[in-house]
There are 2 protein chains.
Amino acid sequence: MSKPVTIKDIARKFKCSPSTVSRALNNHPAINEDTRRNLQEYAKKVGYQRNQVSLSLLNKKTASIGVIVPTINNYYESAIIEGIDAVLQPLGYSLHICVTNEQYLLEQGYVEKLLSNRVEGIFVSVSQETYDGGHYEHFENVYNRSLPLIFIDREYEGFAAGSVTIDDYLGAFVAVEHLIATGRKRIAHLRGPQGMSVADQRYRGYIECLQQHGFDRDETLIVHTDFKVESAIAPVDQLLGLPSRPDAIFCVNDQTAIGAMKVIRDKGLRIPEDIAVAGFDDSPISGYISPSLTSVARPGRQLGIEAARIFLQYQNATEKEAISEHLILPPQLMIRGSTGKRGK
Amino acid sequence: MSKPVTIKDIARKFKCSPSTVSRALNNHPAINEDTRRNLQEYAKKVGYQRNQVSLSLLNKKTASIGVIVPTINNYYESAIIEGIDAVLQPLGYSLHICVTNEQYLLEQGYVEKLLSNRVEGIFVSVSQETYDGGHYEHFENVYNRSLPLIFIDREYEGFAAGSVTIDDYLGAFVAVEHLIATGRKRIAHLRGPQGMSVADQRYRGYIECLQQHGFDRDETLIVHTDFKVESAIAPVDQLLGLPSRPDAIFCVNDQTAIGAMKVIRDKGLRIPEDIAVAGFDDSPISGYISPSLTSVARPGRQLGIEAARIFLQYQNATEKEAISEHLILPPQLMIRGSTGKRGK
DNA sequence: GACAACCCTGCAAACGTTTGAAATTTTTTA
DNA sequence: TAAAAAATTTCAAACGTTTGCAGGGTTGTC
């Protein structure tokens with residue numbers, strides 16, 4: 001009832017050897033027509049399922065790959081996974097998903113576990129703790145075993161590995177440039193957590209764009225959030241209370257942009273006439289809220305696809321030399337209502 | 001360089017038997033102190049990683065479970081996965097994620113594959129095609145092997161299996177009741193695709209709630225969408241053009257609610273004064289758009305947690321009798337601005 | 001009728017690990 | 001110093017499958 005049927009079971013039943021059964025089920029030519037048919041029929045009847053575990057042991061191929069991400073419950077991350085999946089599942093690979101919750105220790109544990117499970121490659125978007133601490137030792141085993149390792153979203157130059165990232169700096173730069181082009185003079189920034197790669201890059205894009213366009217630096221226009229909607233409320237409130245109010249806010253992501261829009265409306269100000277708002281991520285609803293939100297789109301699915309492509313290159317490389325390809329994808333600015341014409 | 005170090009390799013190096021190495025690494029008491037230390041040090045030095053595949057074969061335990069979902073790139077689905085993960089990863093389980101894109105054939109293939117990989121349990125949110133066709137044969141093997149099988153979101157009574165679902169009917173009922181309580185008289189419904197379980201249940205909740213409150217049935221107030229934002233545009237346009245306009249719209253999900261709100265605003269009508277809008281899903285932004293959206297929250301993460309809990313019950317049951325627990329979680333109505341006071 | 005050619009099946013080893021029982025070595029005891 | 005006891009190590013089998021090679025049987029050819 002409970003134990004799966006094995007080839008040996010079938011062999012015993014038919015008083016033949018396991019080899020014959022194996023060959024019959026795999027349509028090996030050197031097997032008698034009748035024998036094959038009988039065995040195949042019986043196997044089907046009893047619901048025989050070839051044991052992949054034993055095969056994996058024999059062939060040293062598991063057809064499974066590990067994906068380590070800080071979180072899964074989030075549009076961008078799951079788009080990446082979907083992209084990887086779209087390429088790799090049709091080729092027979094299984095995905096082992098590991099969620100680190102931004103914790104270094106968990107990440108380390110998952111790497112060990114994946115290695116132990118003999119996955120054929122690892123995709124990793126390193127956790128915040130890992131990134132902050134610069135602890136990359138746990139990837140050394142992966143490297144030593146010359147197992148395909150592909151960094152997603154955050155790059156590490158320590159050893160040869162692939163990486164696919166999105167140019168957050170450029171995305172921010174373009175967004176701010178757009179705000180400037182629409183005539184905004186006092187552009188504020190809802191910054192993300194300091195030390196966090198994506199947040200820092202966007203901040204840098206904001207700063208350098210203003211600089212290159214000859215704006216004076218004004219620290220009062222830069223406030224901090226933690227990416228969440230609520231964390232934008234107080235900072236934006238503060239911005240609007242400034243003696244000389246900003247006329248545009250570039251937000252580190254859409255969540256905070258939505259928070260900002262709420263505060264602005266609650267104060268009776270108009271978007272975009274009084275204040276323009278731009279976000280980052282182009283989440284699915286940004287086109288449908290009112291006003292629709294200008295936002296920088298990150299091609300998450302494409303990132304996953306490219307990462308999978310690089311993995312396959314490693315896999316198929318005849319030479320064992322580590323292919324270390326670094327790909328940087330451009331984000332795309334989606335211009336919508338929230339950065340429309342200024343009021344006078 | 002590439003080949004992983006095995007216990008045999010270490011044994012050869014130390015001129016001892018594999019058994020000794022295995023015991024030393026596992027801190028077996030019957031191993032000499034020095035021997036153990038030496039072996040452990042060496043193993044660490046060469047980066048030995050126990051091969052879980054061989055262990056799985058030996059113990060017939062893979063510590064991995066399969067999760068089959070129609071899509072992953074979506075708040076609700078990924079919340080479920082996150083919930084399952086939160087319970088099972090700490091216990092050492094790996095998650096094999098399979099995305100069916102609502103296709104029966106893929107789902108069937110994944111079931112075979114998971115069985116072949118000897119996962120210890122399968123969580124499945126069946127694809128639309130499976131549901132429509134009533135094709136559940138591919139789960140028979142799972143059942144015959146008395147492998148824990150847990151249906152998520154869509155229940156199947158064909159054979160003993162666990163299930164955790166959310167009471168969509170009740171959610172819709174409560175939402176519509178709320179609209180009635182706020183004084184609305186002509187309540188329209190943006191219906192989802194016919195034949196789709198969740199959509200149908202919500203429709204039923206809508207219908208029966210109106211009936212129980214003595215409303216006349218008005219087919220012109222029921223229009224169809226495919227869950228997507230865009231698909232709400234034309235139908236809502238049509239609703240607003242009716243000789244006797246609805247004063248409330250109950251939408252099958254938040255996406256369509258957002259689409260509806262856009263059309264309503266574009267027509268110069270006010271929400272909620274002229275028309276109230278309620279959605280379903282309580283997506284993260286619903287509290288922050290303007291007006292904030294009343295919506296029925298589905299506890300996805302909790303669903304995942306409960307499903308995992310049921311799985312563990314199967315696992316730990318001393319008797320092999322199939323525990324078949326069916327859990328129905330209540331959704332929660334989140335009342336917000338979009339269903340506030342009517343205008344006169 | 002002998003020998004080759006062919007068809008089909010079985011043997012045995014391999015993948016990496018664990019584990020009960022047996023064997024060996026070392027230590028203790030009388 | 002010999003026997004008993006304890007400590008440590010090895011043997012062998014097992015998990016399920018595949019596969020090169022050898023073996024056995026049948027048919028065909030001269």
Side-chain angles (χ1 to χ4, degrees), chain A residues 2-40 42-43 46-64 112-120 145, chain B residues 2-40 42-43 46-64 112-120 145:
Chain A
S2 184
K3 300 263 171 271
V5 180
T6 74
I7 271 191
K8 286 184 184 175
D9 296 333
I10 300 180
R12 212 169 301 125
K13 182 84 179 180
F14 275 73
K15 296 196 202 312
C16 69
S17 75
S19 338
T20 304
V21 181
S22 170
R23 290 198 173 96
L25 298 183
N26 290 316
N27 288 315
H28 190 288
I31 289 288
N32 182 282
E33 191 67 24
D34 292 342
T35 318
R36 169 175 27 206
R37 196 161 15 77
N38 285 335
L39 285 172
Q40 288 192 350
Y42 181 76
V46 296
Y48 169 77
Q49 280 280 357
R50 151 207 265 144
N51 185 331
Q52 266 300 339
V53 179
S54 75
L55 248 193
S56 294
L57 180 59
L58 190 60
N59 300 335
K60 298 158 176 294
K61 300 226 165 161
T62 55
S64 64
E112 296 295 309
K113 187 171 174 178
L114 291 173
L115 285 176
S116 194
N117 281 341
R118 300 292 190 264
V119 296
E120 297 183 21
R145 202 171 288 170
Chain B
S2 184
K3 299 263 170 267
V5 179
T6 75
I7 272 193
K8 285 184 184 175
D9 295 334
I10 300 182
R12 213 170 300 126
K13 181 83 180 179
F14 276 70
K15 296 195 200 314
C16 68
S17 76
S19 337
T20 305
V21 180
S22 170
R23 290 198 170 95
L25 297 183
N26 289 318
N27 288 312
H28 191 288
I31 288 289
N32 184 282
E33 191 68 23
D34 293 342
T35 317
R36 170 176 25 208
R37 196 162 13 80
N38 285 335
L39 284 172
Q40 288 192 352
Y42 182 76
V46 297
Y48 169 77
Q49 282 279 356
R50 152 208 264 143
N51 185 331
Q52 267 298 340
V53 178
S54 74
L55 248 193
S56 295
L57 179 59
L58 191 59
N59 300 335
K60 299 158 175 296
K61 300 225 164 161
T62 54
S64 64
E112 297 295 310
K113 187 171 173 178
L114 291 173
L115 285 176
S116 194
N117 281 335
R118 297 296 187 264
V119 295
E120 298 183 20
R145 202 171 286 170

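Here is the naming used below: chain letters follow the sequence lines, and residue numbers restart at 1 for every chain. Every heavy atom of this structure was used, including side-chain atoms; hydrogens, water molecules and symmetry mates were not.
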Heavy atoms within less than 4.0 Å of DNA chain C: which residues of residues 30-38 of chain A have one? Give them sorted by number. A:A30, A:I31, A:N32, A:T35
What's touching nucleotides 12-17 of chain D from the protein side, N or O pairs under 3.5 Å?
from	atom 1	to	atom 2	distance (Å)
D:dC15	O3'	B:K60	NZ	3.2
D:dC15	O2	B:L58	N	3.4
D:dG16	OP1	B:K60	NZ	2.5
D:dG16	N2	A:S54	O	3.4
D:dT17	OP1	A:Y48	OH	2.5
D:dT17	OP1	A:N51	N	3.2
D:dT17	OP2	A:I7	N	2.5
D:dT17	O4'	A:S54	OG	3.1

What residues form a side-chain contact (heavy atoms from CB on, under 4.5 Å) with B:N38, not counting sequence neighbours? B:F14
Output, in order, the C-alpha distance, side-chain angles, deciding distance and verdict of side chain to side chain contact (heavy atoms under 4.5 Å, CB included) for A:I7 and A:N51. CA-CA 9 Å; A:I7 271 191; A:N51 185 331; over 6 Å; no
How would you list, by chain and number, every residue that makes a side-chain contact (heavy atoms from CB on, under 4.5 Å) with A:K13, sequence neighbours excluded? A:Y42
At their closest point, which heavy atom of A:R36 faces which heavy atom of A:A24, and how far apart are they? CG-O, 3.8 Å
Taking NE2 from B:H28 and P from D:dT9, how many angstroms apart are they, rounded to a whole number? 12 Å
Set of residues satisfying side-chain hydrogen bond (donor to acceptor under 3.5 Å, both in side chains) with respect to B:T6, sequence neighbours excluded: B:D9
Show the distances under 3.5 angstrom between N or O atoms of the protein and N or O atoms of nucleotides 21-26 of chain D.
none

Of all residues at least two apart in sequence or in a different chain, which pass the side-chain contact (heavy atoms from CB on, under 4.5 Å) check with B:S56? A:V53, B:Q52, B:T62
Please give me the minimum heavy-atom distance between B:A11 and B:P18, naming the atom from each residue. CB-N, 3.7 Å
Any heavy-atom pair between the side chains of B:Q49 and B:P4 that's under 4.5 Å? no
Restricting to pairs with a member in residues 20-32 of chain B, which pass side-chain hydrogen bond (donor to acceptor under 3.5 Å, both in side chains), not counting sequence neighbours? B:S17-B:T20, B:N26-B:R50, B:N27-B:Q40
Any sub-3.5 Å donor-acceptor pair from A:E120's side-chain atoms to A:A63's backbone N or O? yes
Name all residues meeting the side-chain contact (heavy atoms from CB on, under 4.5 Å) criterion together with B:K60; count only those two or more places apart in sequence or in a different chain, and write none if there are none. none
Rounded to the nearest Å, what distance is computed from the NZ atom of residue B:K15 to the C1' atom of nucleotide D:dT9? 16 Å
Any side-chain heavy-atom pair of A:D34 and A:R37 under 4.5 Å: yes
Can you tell me the distance, in whole Å, between the CZ atom of B:F14 and the C1' atom of D:dT9? 15 Å
In this structure, SG of A:C16 is separated from CD1 of A:I10 (nearest 0.5 Å) by 9.0 Å
If the helix axis at each end comes from five base pairs, how far does the helix from C:dG1-D:dC30 to C:dA30-D:dT1 deviate from straight, to 10°? 70°
Name the residue closer to the 5' end of DNA chain D, choosing between A:T20 and B:S17 according to the nucleotide with the nearest heavy atom. B:S17
Any N/O pairs under 3.5 Å between the protein and nucleotides 23-25 of chain C? List them or say none.
none

Least distance between heavy atoms, B:L39 atom then B:V21 atom: CD1-CA, 4.0 Å
Check salt bridge (charged side-chain N to carboxylate O under 4.0 Å, His left out) between A:R118 and all other residues, then give those that pass, not counting sequence neighbours. none
